[in-house]
Amino acid sequence: MKFSNLLIPTLKEAPNDATLPSHIYLIRGGFIQGVGSGLYNFLPLGKIVLDRIKNVVKEELDMAGAQEVSLGFVTPASLWIESGRFEKYGKELLRFKDRKDNDFVLGPTHEEMMVNLVKQSVKSYKQLPLNLYQINLKFRDEIRPRFGLMRGREFLMKDGYSFHANEDDMKREFSLMEETYKKIFTRLGLDFRVVEADSGAIGGTGSKEFMVLADSGEDTIVVCKSCDYGANIEAAKSMPYICEENAPKANFAKFNTPEIKTIEDLSSFFKINPYYLVKTVAKKALYDGGKEEIVLFFLRGSDELQEIKALNSINANDLIDINSDELEEVGLVAGFMGPFNLPNDIKTVFDNSLVGGINLVCGANEKDYHYVGLDLELEKDAIIDDIVSVKEGDKCIHCGGSLVYTKGIEVGHIFQLGTRYSEPLKAEFLDENGKTKPFVMGTYGIGVSRLLAAIIEQHHDEKGCLWSKESTPFDVCVIVSNLKDEKQSDIALKIYDELKDKKINVLIDDRNERFGFKMKDYELIGVPYAVIVGKKVEEGIVEFVSRDGEIMKEIDISNIIEAVVDIV
RNA sequence: CGGAGUGUAGCGCAGUCUGGUAGCGCACCUGGUUUGGGACCAGGGGGUCGAAGGUUCGAGUCCUUUCACUCCGACCA
């Protein structure tokens, strides 16, 4: 391709709303163009990269036996009403009506559509297993789109769904997909980690996330320094922590603690390790059908509440903060809450670490008073669960190694769904005994357009992008230093033609611009290699350089084709 | 939705406090010079100043309403 013919509107300055390197370089390099909040156009260069990434995904999935289909983007709402997600999915689901006043949604994910497709054509266990996928647009009306392609509202996603006769076969496919995803991300040159995850709104039992390690990642993941354990903070587990200090013994008593509300204050007031304080976190829980209630979560003062875990412990849809006025209405006092003398009908949840806790200090549910010397005895029907965040330095449950935090970009997520969708949608088949059974399903997603951003987050420098081998829009760029110098442009064109003949994906910068200008654009766009045709053609020499700076050498013109073919 | 902020040329911004010819840099067009690290000279095109309403002889600037976008928190590929 000739640069002079391509629409590559590179920019010296980025729009000021771009903060991440991937966002800045994708816009400055003329890959994408913003059109609205979370909406982007792909320009020729961006489209090439996107297609290359799509191809890698497609090749690996096809190799693993999955079949590509393409489902409608506009989906009748009736399917969503049937699965019960029309209400539950919330505002992220873009709903609209057609001219006949029928409800439709723009697909944010396609479980319903795919199940519907399969139930119409698959009737027998003999047709199973089946793994269908598509690489198509999705629309999620995100509360806060940001970071360019990282969190758009409209985005390209590969979503796959597998159908099985039984749980074991679904698990086999799940592992196959895990391996396939690893191959895909490895081919794209990404440094990633597979971590255990919360399955969130999609539902189901087991789920794993593929995290590209990058400081700008929006997810916190917990990884073990000694083994390969990794988990999203929302699902991470660690060995129970044992406090080395003993708590000062005290008899159970009410203690005046004027204006001592926070864990730090209490800790210094009683000269006691926060581990022996009972922290009480009040939240309002929202359930299906608009039901809501106040829930108190009790944990060690040294721990932090993990909201997703807390949410799961009570099967709620959402947890929201509440203010002290709302607490007062039900007879609670912020800063002095505890598990005893609670007003009736307040739901409570205890963290695992409090079981058998002794010599504790907790709020007395009365202004300016705490209890000391509390030995906790929980009732049989108390809700006890893991509701706290793993902390850095906690011990790994697999090897006892030290756990640390790192940041990740979620580029893939695979779920063991079971019959979560097939049952309500009555997607059933006949097994070998002629019995009707719902399909056992798995679902597998990759954020394809997000991958563009993720690759750059991991591969860039202060000058621009550094595309990996399988994602780069071009393998090599031929740069003509001075286009007006006929010898230079002739030789450059000849090299360009010969490389094309060798099936090398080559770009020639044949614009009538100065050398420095073209180099800046080359570096910004981030093609891995360049052949620079400049003044030294007089001596029969051109330069061969790599974008990462590893290679910089002068090569005889007669050898340049071979040199490029060798390395690309 | 809560908190903070911004809307002026394709992009980056000044002008708004104190109302009086809509500006600067980059980009773009024409001509010329230049050609190894984002050149220079000369000339030129491009604006419903986010939108609506109001005050005023006169509004980018003041008032009211509204919309959009961005940043920090809960969602997710």
Side-chain angles (χ1 to χ4, degrees), chain A residues 9-19 23-24 27-28 30 33-39 57 89-93 108-110 135-160 181 197-202 207 209-212 218-219 232 234 283-284 286 307-308 310-311 317-321 323 408-415 443-454 463-464 479-485 488-489 511-524 532-537 543 545:
Chain A
T10 57
L11 299 170
K12 220 185 238 184
E13 289 172 293
N16 69 353
D17 52 39
T19 51
H23 192 184
I24 292 170
I27 291 205
R28 281 193 52 211
Q33 192 182 54
V35 286
S37 178
L39 303 172
V57 172
Y89 212 95
K91 288 188 175 158
E92 260 177 57
L93 188 63
T109 169
H110 279 96
I135 300 174
N136 246 345
L137 280 181
K138 297 283 175 289
F139 191 93
R140 293 183 191 172
D141 201 358
E142 294 275 350
I143 308 155
R144 191 151 95 77
R146 57 187 137 171
F147 302 144
L149 293 183
M150 200 78 94
R151 180 172 298 284
R153 289 194 291 174
E154 182 180 279
F155 59 100
L156 193 67
M157 176 176 171
K158 172 260 153 179
D159 49 324
Y181 274 34
D198 173 68
S199 40
I202 308 266
S207 101
E209 288 172 332
F210 294 76
M211 291 286 185
V212 168
E218 295 183 84
D219 288 276
N232 193 306
E234 296 169 1
K283 295 275 176 185
K284 191 186 286 174
L286 305 182
E307 283 207 18
I308 300 293
L311 195 63
N317 293 338
D318 202 3
L319 288 181
I320 54 177
D321 291 340
N323 57 40
I409 302 165
E410 184 187 352
V411 292
H413 200 160
I414 58 178
F415 299 83
T443 180
Y444 320 94
I446 293 180
V448 176
S449 45
R450 178 181 283 180
L451 275 170
L452 251 89
K463 292 172 180 168
I479 298 169
V480 192
S481 173
N482 181 358
L483 194 75
K484 293 264 173 78
D485 181 325
Q488 287 184 26
S489 53
R511 294 174 300 171
N512 186 18
E513 295 287 352
R514 295 165 72 90
F515 176 73
F517 185 87
K518 293 196 235 189
M519 284 305 288
K520 292 287 184 201
D521 269 358
Y522 161 72
E523 284 157 350
L524 177 60
I532 300 168
V533 182
K535 283 179 173 163
K536 292 216 167 152
V537 289
E543 282 163 74
V545 301

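All figures in this text were calculated on a predicted structure; none of them were measured in a lab. Numbered from 1 within each chain, the chains take letters A, B, ... in sequence-line order.
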Which base sits across from [N] as a Watson-Crick or G-U pair, both distances under 3.5 Å?
N	value
B/rG58	none
B/rG43	B/rC29
B/rG38	none
B/rG73	B/rC1
B/rG53	B/rC63
B/rU18	none
B/rG12	B/rC24
B/rA68	B/rU6

Consider the side chain of [X], meaning its heavy atoms from C-beta on, and name the nucleotide among [options] that approaches it most closely.
X	options	value
A/F415	B/rC75, B/rA77, B/rG38	B/rA77
A/I532	B/rU70, B/rC75, B/rG36	B/rG36
A/E543	B/rG36, B/rG38, B/rG73	B/rG36
A/E92	B/rC11, B/rC75, B/rA77	B/rC75
A/F147	B/rC72, B/rG38, B/rU34	B/rC72
A/S481	B/rG37, B/rU70, B/rG36	B/rG36

[N] versus [M] - spacing of their [atom1] atoms, nearest Å:
N	M	atom1	result
B/rG25	B/rU8	C1'	15 Å
B/rC63	B/rG19	P	12 Å
B/rG50	B/rG7	P	8 Å
B/rU61	B/rA22	P	13 Å
B/rG46	B/rG37	P	36 Å
B/rU56	B/rG15	P	28 Å
B/rC17	B/rG10	C1'	31 Å
B/rG60	B/rA9	P	14 Å

Just how far, in rounded Å, is [atom2] of [N] from [atom1] of [X]?
X	N	atom1	atom2	answer
A/K520	B/rC26	NZ	C1'	16 Å
A/K12	B/rG37	NZ	C1'	12 Å
A/K484	B/rA39	NZ	P	15 Å
A/R450	B/rC75	CZ	C1'	11 Å
A/D198	B/rC75	CG	P	9 Å
A/E142	B/rU70	CD	P	12 Å
A/E410	B/rC75	CD	P	12 Å
A/D17	B/rG5	CG	P	18 Å

[N] base to [X] side chain: any donor-acceptor pair below 3.5 Å?
X	N	answer
A/N482	B/rG36	no
A/R140	B/rC75	no
A/E523	B/rG38	no
A/R144	B/rG3	no
A/E513	B/rG38	no

Looking at [X], I'd like to know whether one of its side-chain N or O atoms comes within less than 4.0 Å of OP1 or OP2 on [N].
X	N	result
A/S37	B/rU70	yes
A/K535	B/rG36	yes
A/R153	B/rA77	no
A/R514	B/rG36	no
A/N16	B/rC13	yes

### Task
Output the distance between atom CZ (A/R140) and atom CD (A/E154), rounded to the nearest 0.5 Å.
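Taking CZ in A/R140 and CD in A/E154, the distance rounds to 13.0 Å.
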### Query
CD of A/E307 to CG of A/D198: how many Å apart, nearest 0.5 Å?
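Going from the CD atom of A/E307 to the CG atom of A/D198 covers 12.5 Å.
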#### Entry: Aro-ring/base stack A/F515-B/rG37, d under 5.5 Å, angle under 30°
no
#### Entry: Contact check, side chains of A/I532 and A/M519, non-hydrogen atoms, under 4.5 Å
yes
### Message
Regarding A/G152, tell me which of base, sugar-phosphate or nothing describes its non-hydrogen contacts under 4.0 Å with the strands shown.
### Response
base
### Query
Parallel under 30°, tilted from 30 to 60°, perpendicular over 60°: which one fits the rings of A/F210 and A/Y181?
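Rings of A/F210 and A/Y181: tilted, 30 to 60°.
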